[in-house]
Each structure stands twice: as structure tokens, then as C-alpha cells.
Amino acid sequence: MGIEDVVREAIRSSFGIDYKEAIPLSRPKKPEFGDMSTSVAFQLAKRLGSSPNVISEKIAKELASTSELFERVTTQGGYINFHFGKTFFSKLIGDIISGKLASLVRRLSDGEFVQIEYVSANPTGPLNVVSARAAAVGSSLVNILRRVGYDVKGEYYLNDAGNQVRLLTESLRARIKQLKGERADIPDEGYHGEYLLDYARDAIEENVPDDRLSDWILSRITDDIKETLKRFGVCFDSWVSERELRSSGRVEKLISELDKKHLVYEKDGAIWFAATSLDPESEQDYVLVKSDGEYSYFAVDIAYHLDKFQRGFSHVWDIWGPDHHGHIKRMQLALRSLGYDRAFSAILLQQVNIVEEGKRRKMSKRRGELVTLNELLGEIDTDVARFFFLDRRVGAHLDFDLELARKESEENPVYYVKYAHARIRSIERLAGLRGITPGSIENLLGIPEFLHLARRVAEYPDVIVRTARELETHILTDYLLALSRDFHHFYHIHRVITGDRERSSGMLSLVLAVAEVIKDGLALLGIEAPERM
RNA sequence: GCGCCCGUGGCUCAAUUGGAUAGAGCAACGGACUACGAAUCCGUAGAUUGGAGGUUCGAAUCCUCUCGGGCGCACCA
């Protein structure tokens with residue numbers, strides 16, 4: 001029985017009511033307020049026509065006499081504060097250092113088959129820093145959801161068809177001609193980035209026939225994207241090709257499916273999806289088949305998502321850039337008509353701006369103004385870059401100052417966390433030399449810094465759950481920073497290995513637990529925890 | 001014009017989704033290595049949470065208005 005149930009039970013026996021709402025539990029800001037607290041008395045005050053003070057005291061009294069979970073239950077101005085006992089911490093630390101850390105995390109799912117689709121940048125050029133943010137966040141969320149029990153697959157949707165590809169090929173063709181000294185202009189809407197010059201050189205060298213140019217450039221760029229992602233520590237479970245999707249007949253099938261539901265009509269030579277008839281709130285209808293006979297991006301994307309569900313995913317998260325937000329509503333609408341809207345959610349990752357000398361610079365792949373992930377990784381460490389992207393809310397804009405990133409790579413917070421880990425491993429090595437092994441911590445919990453650090457370690461399982469639930473990696477990075485800070489502070493006050501073997505054993509248990517948590521947390525974020533630095 | 005996201009110390013970000021005195025890191029200033037790693041620690045200073053109303057026991061968080069910044073509103077993807 002968890003804390004929530006215990007409190008609910010206490011409310012029942014104190015006031016004879018069934019409290020069905022969630023019991024708000026939070027970690028108090030001050031240590032004297034205990035290990036966990038609830039403000040439920042405030043909520044009950046109105047309903048019971050009594051003051052929070054009176055109510056909280058009654059519940060606390062009831063809890064103190066009935067629950068074995070707590071050493072003490074106190075009240076403070078209407079708040080009810082719970083204090084855990086020594087056995088709670090002993091068991092926790094013991095479990096962590098004996099390799100049971102993963103089992104302490106509450107499972108949010110029992111193997112539900114789900115997918116996260118991320119990056120999915122068009123294969124028309126090198127990955128930029130915007131995709132890098134998506135790559136860092138997506139790959140970490142895959143790990144974290146896996147930890148709380150989901151069966152997660154990460155997928156990259158490759159837009160290797162349609163207009164953009166045509167423009168890419170024409171741009172490349174123009175670059176080849178230019179290199180051969182012929183006059184040729186890159187189409188206005190085409191890709192003007194210099195990177196195409198390198199590809200053009202290779203194409204000339206390899207003597208790629210003109211009718212194979214499109215396939216050739218797509219596979220070259222796709223390979224380079226895969227290579228870059230690998231360098232960034234990102235590996236996808238699957239890659240889905242838009243071109244194959246188009247030729248598979250799935251789009252056609254989708255349209256006839258929608259047609260059966262009377263959501264399709266023809267106008268001006270195009271075929272439309274009747275969004276407005278499905279939802280009066282919708283502003284407009286959307287084209288499925290253009291008047292030139294080509295499928296629209298929207299049509300193919302619906303077919304793609306339908307295919308995901310037909311592959312058995314019960315939930316699908318897409319990580320999209322802010323420029324896609326207009327796409328969310330209509331996708332949900334289309335999926336609703338097919339019966340899948342609740343199984344789909346989009347995570348809108350806010351944009352990354354490149355900042356130079358305090359001014360934002362526009363990023364455009366077509367104009368070729370971009371900072372590539374490869375360039376970035378040439379300047380700073382993969383781990384530093386990942387941490388940089390992960391230590392922020394997804395909804396927050398990110399002003400990326402390469403100058404600053406370069407500078408910060410030497411004083412980046414990620415090293416603070418890594419250093420805490422390396423320091424503990426160093427202590428562990430010394431303990432090994434002295435023949436000291438982990439032992440009981442019970443006699444040390446009276447030391448304030450020791451208790452504080454133990455409490456911080458105890459938060460970890462809940463931090464993972466919150467990170468997974470909110471799909472926000474910064475919750476985990478922030479926690480790791482706080483844990484590292486608490487450890488460094490502890491380290492300066494208390495020596496772990498001393499002549500007192502019993503005390504040393506207990507101290508060692510706690511710091512080893514800290515190291516295990518750091519290692520585990522960093523691993524979930526795709527970052528290495530070094531033994532030495 | 002309509003819709004969505006963001007405004008928190010000089011800078012970059014938090015605040016467990018409405019809870020206790022708004023917290024950290026950079027940068028600034030002053031201190032700490034003769035025992036486990038100084039990539040560290042301790043201290044000082046710095047905030048009318050863009051602004052104005054409202055909702056209630058309680059607001060950075062919710063509602064209305066307003067001011068800035070960004071992004072959408074295609075037979076582009």
C-alpha cells in the first residue's frame with residue numbers, strides 16, 4: 001500500500017468520507033518538513049467546513065497510530081509531513097548498490113508497444129542543430145520510456161519523395177554543370193547550400209548517369225545522415241521511406257477508406273479531405289491529391305500514421321518542430337475519423353535559433369544557412385552537446401550561440417556530474433585497497449548531510465517516472481545536477497574512508513549508491529559516466 | 001486579421017502542473033588543498049516572475065486585457 005492509499009484510508013476513518021481525488025504529494029523544501037508532505041487538508045477544508053489546521057492534525061494523529069510506513073507524522077500550518085524511518089533508507093541504498101536500481105522504478109506500462117518518431121529531417125542536406133535537439137531528446141525519451149515498462153521503438157521517417165527531392169536533384173544538376181563550366185542556375189526554390197558542391201564533385205568523379213542522379217544523391221545524403229547520427233550516439237530501430245509508402249498502394253487505400261466515410265470530395269481537379277464537415281471548428285478542408293495527380297504531403301502522412309497503428313503500436317509520439325504545429329490538428333482530425341486520434345500525440349519541440357553577436361540568425365536549409373550537427377561535433381564533445389540540448393524544457397526556445405557552446409564545453413555542467421561519478425569511483429578504488437566493503441548506514445542517518453544525500457538518492461525512482469510522464473528530459477538533468485551538488489558538498493564535509501571501518505562501510509554504501517544513480521541517469525540520456533577523468 | 005508557443009536576477013535555465021521564504025549554474029566580489037581527485041567547496045551581492053486587473057485559504061502557474069519575441073494559417077514538405 002502506497003502513501004496515497006494510506007492517507008485515503010486515514011481520511012475515511014477520521015471523517016467518514018470517501019476521498020476519490022488524487023492526494024497531492026510533494027517533496028518539502030525544507031528538511032525539517034520531512035521526506036514527503038501533502039496539502040490535502042487545504043482541499044478538505046471547504047468540503048468539511050473546518051480549518052486546514054484542525055483537519056491536518058486529525059489525519060496526522062490517525063496516520064501516526066495506524067501506519068508503519070513512517071517514523072513520525074507531523075503537521076505545520078495545515079500541511080501534513082511524513083518522516084521515513086531508518087529501514088526505509090537502509091533497504092533503498094542496499095537495493096541500489098546490489099544492482100536492483102532498475103526494479104525500484106515504478107512501471108507505468110506493462111510492455112505496451114509504442115513508438116517515438118523523431119528527427120525525420122528531409123534527406124536534402126546535412127542535419128542541422130535543430131535536428132540535433134530532436135535527436136538528443138528523442139533517443140533519450142526512448143530509453144526512459146523503456147525503463148518505465150514500455151516496449152518502445154524509435155523511427156525515422158525519410159521524406160525521399162515529392163517536390164523537395166525534385167528540387168534537390170535539379171539543384172545538384174545545376175551544380176554539376178557549373179563545375180563543368182556550363183551555365184546553369186539553381187532553381188529559386190532549390191537548395192543553394194555549398195554542401196551540394198561537394199556532392200556534385202563526387203557525382204562527376206563517379207560518373208553518375210543523369211537518370212540515376214536522384215537516387216544517387218538521396219542515398220548519399222541518407223548515408224551521411226546515418227553516419228552523423230551514429231556519431232551523436234543515436235540509433236533508430238527502423239527507417240521508413242516515403243517513396244516506398246507511396247508506391248505500396250497504402251495512400252490509395254487510405255483515400256478510399258476516407259471516401260467510405262464520406263469525407264472525400266473533388267473540387268478544381270483536386271481531391272479534398274472534408275475536415276470542416278468532420279469538425280465545425282476546423283478552418284478549412286485539405287488537399288489529398290493535387291490537380292497534377294500527385295499525393296499531397298498530408299495524404300501520405302496520414303497513410304504513414306495509419307500504417308504505424310496497423311503495425312500494432314498502441315501509442316505513437318511524434319517529435320515535431322514548431323513549423324509543424326498547423327499540421328497537428330488536421331492529423332488528429334484525420335486519425336479521429338479512422339478511430340486512432342487518442343493513440344497519437346505530437347511533441348512540439350521549440351525551435352533552435354543560431355545566435356551571433358547577440359542577434360538571431362534565420363536558419364534555412366534551402367538558402368544553405370545552417371550550422372550542421374557535424375560542425376557542432378567538430379567543436380564540442382558529443383556528451384556536452386547532448387546535455388546542452390537535454391537540459392531544457394521542450395517548449396522553451398533555444399538560442400544557440402556556437403561561440404558560447406565552444407566556451408561552455410570546458411565548463412559545461414555535464415562535467416560536474418561526470419566528475420562526481422569519477423570521484424566516487426576513485427573512492428571505491430581506495431576502499432578496495434583497504435579492504436573496506438559496503439555496510440550498514442543506519443548509524444549514520446543522524447548526520448544531516450548524510451540524511452540529505454540519502455533523501456536525494458531516494459528521489460531518483462520518482463524522477464524517472466516524472467520524466468517519462470511529462471516527456472521532459474530536463475527533469476532528469478536537473479536532478480542529476482542537484483544530486484552531484486549534494487555529493488560534492490557532502491564530500492567536502494565528510495571523509496568517506498577513515499580508520500573507523502564500520503563508519504567507512506556505511507559512508508561507502510551511500511556514495512556508491514550515488515554513483516550508481518548518476519551512471520544510470522546518464523546512461524538513459526546517452527551520456528557516458530567515466531571511471532576517471 | 002485568426003491560432004499556437006515563449007517572456008522569471010546582467011546571461012542561460014528551474015520551480016514536482018494551484019502549495020510552505022521563487023531556486024540553481026554562468027558572470028562579479030571575498031575565502032578554502034599537509035588525508036578519499038580543487039573539473040571541487042564555502043560565503044557575499046543580485047527578482048515588483050514583461051505590465052494591469054480578476055478568480056481563492058494560497059498565483060510565476062488559472063481567466064480577461066495589454067506589451068514584446070517566435071512560429072503557423074498552401075493543390076510546399
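In what follows, every chain begins at residue 1, and chains take the letters A, B, ... in the order their sequences are listed.
- Within 4.0 Å of Leu430(A), counting heavy atoms only, lie sugar-phosphate atoms of the nucleic acid but no base atom.
- Using a 4.0 Å heavy-atom criterion, one finds that Gly395(A) contacts the sugar-phosphate atoms exclusively.
- Taking 3.5 Å as the limit, the base of G3(B) and the side chain of His325(A) contain a donor-acceptor pair of atoms between them.
- A donor atom on one side chain and an acceptor atom on the other are found under 3.5 Å apart for Glu242(A) and Asn159(A).
- Note: CZ (Arg495(A)) to C1' (A35(B)) measures 4 Å, nearest angstrom.
- Across C75(B), A77(B), G7(B), the shortest atom-to-atom separation from the side chain of Glu242(A) is found for A77(B).
- Phe298(A) comes within 4.0 angstrom of no nucleic acid atom, judged by non-hydrogen atoms across all strands.
- Side-chain polar atoms of Arg425(A) and His421(A) form a donor-acceptor pair below 3.5 angstrom.
- Between Trp320(A) and His327(A), the angle of the ring planes lies from 30° to 60°, which puts this pair in the tilted group.
- Applying the 90° criterion around 0 to the glycosidic angle, C4(B) comes out anti.
- At a threshold of 4.0 angstrom between heavy atoms, the contacts of Arg166(A) with the nucleic acid are absent.
- Contact annotation for His474(A): backbone-only contact, meaning every heavy-atom pair under 4.0 Å involves sugar-phosphate atoms and none involves a base.
- A distance of about 9 Å separates the P atoms of A22(B) and A60(B), rounded to the whole Å.
- Side-chain proximity of His492(A) to A20(B), A39(B), C41(B): nearest is C41(B).
- At the heavy-atom level, Pro413(A) lies nowhere under 4.0 Å from the strands shown.
- Rounded to whole angstrom, the span from the CZ atom of Arg429(A) across to the C1' atom of C36(B) amounts to 11 Å.
- Looking at the side chain of Gln284(A), the nearest of the listed nucleotides A74(B), A39(B), C5(B) is A74(B).
- At a threshold of 4.0 angstrom between heavy atoms, the contacts of Ala422(A) include nucleobase atoms, whether or not backbone atoms are also involved.
- For Asp160(A) against A77(B), no side-chain N or O and base N or O form a donor-acceptor pair under 3.5 Å.
- Side-chain atoms of Ser296(A) and base atoms of A77(B) include no donor and acceptor less than 3.5 Å apart.
- The shortest distance between side-chain heavy atoms of Met36(A) and Phe70(A) does not fall below 4.5 Å.
- By the 30° and 60° cut-offs, the orientation of the rings of Tyr491(A) relative to Phe487(A) is tilted.
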